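Just below is one structure, and these are the notes that go with it.
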Amino acid sequence: MADPILLLSIIKILTVVLGAVFLGITWRAYRRQPNRGMLVLFFAVALMTVAAVAEGLAFQALGFSLDQAHIIEGLFTLAGFAVLVYSVWSYRVR
């Protein structure tokens, strides 16, 4: 079996690349037709993309344990989902 750390690193790199592509598309869409929903989506996905970077940085560069790095990623992901929930909640159709 492949080295789990190498596999995790590859997955995180792909996550960041796809997150960046998605952010680019979302930003261009927002610039063409500015609306609050697209901007909130941009920030929510940005938080989730930063989660992958923060975990890798914490583990590889800062020497945190893998468990601690996962907690850091979880906090950023939680924040991203909180932004999405807030957006949907505040936009409720009445």
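On a predicted model such as this, the values are computed, not experimentally measured, just so you know. When reading the values below, keep in mind they use all heavy atoms of this one structure, side chains included, and skip hydrogens, waters and symmetry mates.
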Test W27 against Y30 for ring pair (Phe, Tyr, Trp, His ring centres under 6.0 Å), laying out the working first.
CA-CA 5 Å; W27 183 251; Y30 172 75; 5.5 Å; yes
Evaluate side chain to side chain contact (heavy atoms under 4.5 Å, CB included) for L66 paired with L8, printing each intermediate quantity in order.
CA-CA 11 Å; L66 195 53; L8 184 59; 3.8 Å; yes
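Within the structure, every pair that satisfies the salt bridge (charged side-chain N to carboxylate O under 4.0 Å, His left out) test and touches residues 46-67, not counting sequence neighbours, is listed here: K12-E55.
Closest non-hydrogen pair, Q68 versus S65, comes out as OE1-N, 2.9 Å. Closest heavy-atom contact between T49 and G19: OG1-CA, 3.5 Å.
One hydrophobic cluster holds both V83 and I72 under the rule that ILVMFWY side chains link at heavy-atom gaps under 4.5 Å. Hydrophobic clustering (ILVMFWY, side-chain heavy atoms < 4.5 Å, transitive): L41 and V50 are in distinct clusters. By the criterion of side-chain heavy atoms lying less than 4.5 angstrom apart, applied directly or through intervening Ile, Leu, Val, Met, Phe, Trp or Tyr residues, L84 is grouped together with L39 in one hydrophobic cluster.
For the atom pair CG of D3 and CD1 of I10, the computed distance is 9.5 Å after rounding to the nearest 0.5 Å. Taking CG from L23 and CG from L18, the interatomic distance works out to 11.0 Å, rounded to the nearest 0.5 Å. Between the OG1 atom of T26 and the CZ atom of R31 there is a distance of 14.0 Å, given to the nearest 0.5 Å.
Between the Q60 side chain and the L57 main chain, no donor and acceptor come within less than 3.5 Å of each other. Formation of a donor-acceptor pair under 3.5 Å by the S9 side chain with backbone atoms of I5 is found in this model.
Grouped by direct or indirect side-chain proximity (heavy atoms under 4.5 Å, Ile/Leu/Val/Met/Phe/Trp/Tyr only), V17 sits with I13.
Among F22, F76, F43, F81, the one residue that satisfies the side-chain contact (heavy atoms from CB on, under 4.5 Å) test with M48 is F81.
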